[in-house]
2 protein chains.
Amino acid sequence: MTADPVSAVFAALADPTRRALLARLATGDATVNELAEPFPISLQAISKHLTVLERAGLIVRTREAQWRRCRLDPAPLRTLAEWVDQYRRLWDERHDALDDYLRDLKETSRDRNP
Amino acid sequence: MTADPVSAVFAALADPTRRALLARLATGDATVNELAEPFPISLQAISKHLTVLERAGLIVRTREAQWRRCRLDPAPLRTLAEWVDQYRRLWDERHDALDDYLRDLKETSRDRNP
DNA sequence: TGTAAATTCAACTCATCGGTTAATCATCTA
DNA sequence: TAGATGATTAACCGATGAGTTGAATTTACA
């Protein structure tokens, strides 16, 4: 997987199972078995998902005896937030335009029905 | 493609070509040919990428004579920003922890070297 | 009317993805 | 030292993704 980091993060987040795993990890660290428990798929599938998340830098796995403790690393999410923020002015502008339109509509209505 | 909307947006953004197309569209509307020009891949490939972006709701394509004008729709990016924001406290907390550590370090140093 | 331009559709290839089952590895404990 | 427990690796399968080339579609215009 030689994809650039941003692509890797987006790709990792494109799967609902992986997003659910992240959501679970946001509430605290967990082992693979604990993470897999609510899902209707095999432990191996979960392990693969965790590998994807790890390669994207979204989690860190550490050994603890026979367990693997998984911890969420929010750093890539921060990067993502910055990426999305590049576009923030666009929806802010559009929102302003809508405001203008609505204000205009209201005034026209008021003019028509004084 | 029956994926949930969030997955569709993340998947659409997981490709660098598509992110580049969005970046171009952020500077203003464009036709398919205009969009394709800087890329080393076929026009058809670009057209496919645009379909993916359109299905994710990230762009809107309208007919204008024989051209297709493409416009960026930032709404899904806003949704994304909100999604990422769920996790903001995590990196804020971590940042606070670092702040604490540094403050602690400074105080210790001051205590040692009064 | 017919041709050129802009774009999409169709069919195909190859790689990757998400899932499976079976086997293997790593560690604790009796 | 032998199980048992926790997790990963390997090999496979069907679906999807990104790219190609070639044909079809839509529209303007000579």
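What you are looking at is a predicted structure, and each value in this text was computed from that prediction instead of being measured.
- Neither OP1 nor OP2 of D/dA7 sits under 4.0 Å from any side-chain N or O of A/S47.
- As judged by a 4.0 angstrom heavy-atom cut-off over every strand, A/T31 is placed among residues touching the sugar-phosphate backbone only.
- Spacing between atom CD1 of B/I46 and atom P of C/dC9 amounts to 16 Å, rounded to whole angstrom units.
- The distance from atom NE2 of A/H49 to atom P of D/dA7 is 16 Å, rounded to the nearest whole Å.
- Counting only heavy atoms from C-beta on, A/W67 has its side chain closest to D/dG6 among D/dG6, C/dT8, D/dT9.
- Phosphate proximity of C/dG19 to A/S42: absent, as no side-chain N or O sits under 4.0 Å from OP1 or OP2.
- Residue A/R68 contributes atom CZ, which lies 8 Å from atom C1' of D/dT8 at whole-angstrom precision.
- No engagement by B/R69 is indicated, since no non-hydrogen atom pair under 4.0 Å with the nucleic acid exists.
- Under a 4.0 Å N-O distance rule, the pair A/D15/A/K48 does not qualify as a salt bridge.
- In this entry the distance linking CG of A/L50 with P of D/dA7 reads 10 Å, nearest Å.
- We find that CD of B/Q44 is positioned 10 Å from C1' of D/dA23, with the value rounded to whole Å.
- The listed nucleotides are D/dA7, C/dT7, C/dA23; the one nearest the side chain of A/N33 is D/dA7.
- Computed from coordinates, the B/I41 CD1 to C/dC14 C1' distance equals 16 Å when rounded to whole Å.
- Counting to the nearest Å, the C1' atom of D/dT25 and the CZ atom of B/R61 are 14 Å from each other.
- Under the side-chain contact (heavy atoms from CB on, under 4.5 Å) criterion, B/P5 pairs with no residue at all, not counting sequence neighbours.
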Quiz item: Checking side-chain contact (heavy atoms from CB on, under 4.5 Å) for the pair A/L13/A/L80: CA distance, chi angles, key distance, verdict?
Solution: CA-CA 11 Å; A/L13 295 175; A/L80 223 69; 3.6 Å; yes
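- Toward the 5′ end of DNA chain D lies the nearest nucleotide of A/R63, the other residue of the pair A/R63 and A/T51 mapping further downstream.
- Closest to the side chain of B/A65, from the set C/dA26, D/dA28, D/dA18, is D/dA28.
- Rounded to an integer number of Å, the gap from B/L43 CG to C/dT8 P is 8 Å.
- Of the candidate nucleotides C/dC28, D/dT8, C/dA11, C/dC28 has the atom lying nearest to any side-chain atom of A/Q66.
- Ring-plane geometry between B/F10 and A/F10 is classed as tilted, the angle between the planes lying from 30 to 60 degrees on a 0 to 90 degree scale.
- Taking the nucleotide of DNA chain C with the nearest heavy atom to each of B/K48 and B/V32, the more 5' of the two is matched to B/V32.
- Residues B/R69 and B/R61 fail the side-chain proximity criterion, which asks for heavy atoms closer than 4.5 Å.
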